[in-house]
Amino acid sequence: MGLKVFKGIVSLWIVYHLFVILLFPNSSSLLSRKLDTFLLPYANSLNMNTPWQFFSPWPGPKMYIEYVTYSEKDAVDDSEKGFELLESEKRFFPPKNQRDPDWDNWRRRLYATRFISMEPERLEKTFVAWVCRQSPKMTGVLLEVFFYPVANIEKAKDFVKASDIEDPQGGGVQKFVCPGNQIDSQAPSPIEEAFQ
Amino acid sequence: MIKPEKIITELARVWDKFWFGQKEFSRLGLFRMVFGLVLFVMYAYRQKDVEFYFFDSGFVTWQVAQEILSHFYTRPFVWFPKNDLMILILHSTFLVSIFVMALGVFGRWFQCVVLFLHLTFVFRNPPIMYGADLLASFFLFYLCLADSTRHYSVLNLFFKPIDKVRPLSDALNSVAIRFFQIQLCVIYGYTGMEKLKGQPWWDGTALWGAITNSQLAIVDFTFLSQWPIIIILGTYFTVLFETYFPVLVWMPKIRPFVLLSGVIFHLMIGLTMGLVFFSAVMVSCYIFFLPITKRAKIS
């Protein structure tokens, strides 16, 4: 193949690839939407369909999923079916200890937390399903996603520790039933009280 | 009046010179080695947790991994081994492949294999992927274009490197270098512009939110509330650096200062927020903006 022909073909691909890397970070644009059909399969196959938004539009706050698991109590009789907490302690995801399992894999868990917390469906399909797989005795999970925005720098002048300037805000307790366990979908109030 | 044919010829010449005119390919070898070693350490960490990330008994089952992404991110291929032992072997193979790539033993085809393995794991569990994984997808892809084994290869210890001109191969090498450069500019440019949408980056407090996030910060930086000037300068420096990098880095006289600023910037976020691998991968790409040696200029 002649060098000129080769360069011509490569040039066409260069233009195409430039469209991909320049358009997909701004995927909501009209041009991007119009060209989706031609560019999307290529971008997705190379994991190039991404916005570049590190710490944008502002740095996200610290966050944890706080959760407890519960199991259906063996019925004393058919009319008195109750619930019990499988664990008495709240647990956190990612773990509170930032070296669990090590600093890098802990960070992967942190990013996973951000990703799955964006939609309740993701939370249920990934996190809840994973928690439920830990113990077959479990019938459900109560959880709350907590964010810890920090105080404004001017208000924080008198504080010395990060925990002093944090203002935890919960997104509300959510009750999830472990897949395969058919129980009452209404959360039993004693358990919710225990979680609070 | 200038004839249209003349304009087209001139544009074609400029295009040809920009995309296919690079001659200094040792930068490709140096980048492959540095980038490969960074990836090797990064994925050695991930190797310790393969069970949690990629087994069906782990965090996300294969089935769910395919369901949680919206149609907009649908992957065209989703092959992944079902057997746990095979997954462990595949990840170990991936890790070894990265190391072999860093040594520069094989050419383009091998870098394509590494990219395929990388994407296989990325598509298997998207939630646990972070910025450095994303960068790796782009940079491994551009390495597929490049024959980077002529320089900084372990083979050069045993065999004398052949430094002959190979027009087609050299054309692709040149394109690869340009894409590395442009990609870096796109990343910084978009990140900078996205930051401009956020009020904290305008009012000079964004850095406060980042470094007082105890999940990210290496140490407790609350004491910096006593020196707000550091927060203000750091915030504006970040926005200005990222937004203007794509323009300033192409100006030869300013370039050394831009790159030095970048190294300091990434050193700071690596040291204060622990984004070590991300910073290392970004800085390794600066190699493509290093000055061209006299030998390359003559050739």
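Each chain gets a letter, A, B and so on, in the order its sequence line appears, and its residues count up from 1.
Note on B/Leu140, B/Leu224, B/Val64, B/Leu115: by heavy-atom pairs under 4.5 Å with chain A, the leading option is B/Val64. Put simply, of B/Gly131, B/Ser225, B/Pro228, B/Ala12, the one with the most heavy-atom pairs under 4.5 Å next to chain A is B/Ser225. Of the listed residues (B/Ile182, B/Ile231, B/Asp133, B/Leu196), the one with the most heavy-atom contacts under 4.5 Å to chain A is B/Asp133.
With a threshold of 4.5 angstrom between heavy atoms, B/Met129 approaches chain A through its backbone and through its side chain. For chain B, the nearby parts of A/Thr126 are the backbone and the side chain; heavy atoms of each come within less than 4.5 Å. Looking at A/Pro101, only its side chain comes within 4.5 Å of chain B, counting heavy atoms on both sides. Contact of A/Gln134 with chain B is not made at all, since no heavy-atom distance falls under 4.5 Å. Residue A/Asp102 touches chain B through its side chain alone, counting heavy-atom pairs closer than 4.5 Å. Only the side chain of B/Phe141 comes within contact range of chain A, with at least one heavy atom under 4.5 Å from a heavy atom of that chain. Neither the backbone nor the side chain of A/Ala43 comes within contact range of chain B, judged by heavy atoms closer than 4.5 Å. The contact between A/Tyr42 and chain B is made entirely by side chain atoms (from C-beta outward), counting heavy-atom distances below 4.5 Å. Proximity to chain B involves both the backbone and the side chain of A/Ile21, based on heavy atoms less than 4.5 angstrom apart. With a threshold of 4.5 angstrom between heavy atoms, B/Val175 approaches chain A through side-chain atoms but not through N, CA, C or O. In this structure, the portion of A/Gln98 lying under 4.5 Å from any heavy atom of chain B is its side chain and not its backbone. With a threshold of 4.5 angstrom between heavy atoms, B/Val60 approaches chain A through its backbone and through its side chain. Using a 4.5 Å cut-off between heavy atoms, B/Thr238 does not touch chain A at all. At a 4.5 Å heavy-atom cutoff, the contact between B/Ala206 and chain A is made by backbone and side-chain atoms alike. If you measure heavy-atom distances from B/Thr212 to chain A, the contacts under 4.5 Å come from both the backbone and the side chain. In this structure, the portion of A/Ile116 lying under 4.5 Å from any heavy atom of chain B is its side chain and not its backbone. For a residue to count as touching a neighbouring chain, one of its non-hydrogen atoms must lie under 4.5 Å from one of that chain's; by this rule A/Pro149 does not touch chain B.
By the 4.5 Å heavy-atom criterion applied to side chains, B/Ile218 and A/Trp103 are not counted as neighbours. Annotation: side chain of B/Tyr190 is in contact with side chain of A/Asn26 (closest heavy-atom distance under 4.5 Å). Side-chain contact check for B/Phe20 versus A/Phe6: every heavy-atom pair is 4.5 Å or farther apart.
Closest of all the heavy-atom pairs between B/Leu119 and A/Ser45 is CD1-O, 3.4 Å.
Checking B/Trp15 against A/Ser11 by side-chain atom types alone, a donor-acceptor pair falls below 3.5 Å. For A/Trp52 and B/Tyr188, the side-chain atoms include no donor-acceptor pair closer than 3.5 Å.
In this structure, B/Glu51 has no salt bridge (Lys or Arg N to Asp or Glu O under 4.0 Å) partners at least two apart in sequence or on a different chain.
Screening B/Thr191, B/Leu216, B/Leu207 for a side chain to side chain contact (heavy atoms under 4.5 Å, CB included) with A/Phe55, the sole residue that qualifies is B/Leu216.
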- Query: Hey, mind stepping through A/Trp106 and B/Phe52 against ring pair (Phe, Tyr, Trp, His ring centres under 6.0 Å) and telling me if it holds?
  - Reply: CA-CA 12 Å; A/Trp106 184 88; B/Phe52 179 74; over 10 Å; no
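Distance alone, capped at 3.5 Å, is enough to place a donor-acceptor pair between the B/Asn213 side chain and the A/Gly60 backbone. A side-chain donor-acceptor contact under 3.5 Å links B/Gln215 to the backbone of A/Met63. Formation of a donor-acceptor pair under 3.5 Å by the B/Lys195 side chain with backbone atoms of A/Phe54 is found in this model. Between the side chain of A/Trp58 and the backbone N or O of B/Lys197 there is no donor-acceptor pair closer than 3.5 Å. Judged purely by atom type and a 3.5 angstrom limit, B/Arg46 has no side-chain atom pairing as donor or acceptor with the backbone of A/Asn105.
Between B/Asp49 and A/Arg109 a salt bridge is recorded (basic side-chain N to carboxylate O distance below 4.0 Å).
Ring geometry for A/Phe93 against B/Phe59 counts as parallel: the plane angle stays under 30°, on a 0 to 90° scale with 60° as the upper cut.
A cation-pi arrangement is found for A/Arg108 relative to B/Tyr130, the charged atom lying closer than 6.0 Å to the ring centre and inside a 45° cone about the ring normal.
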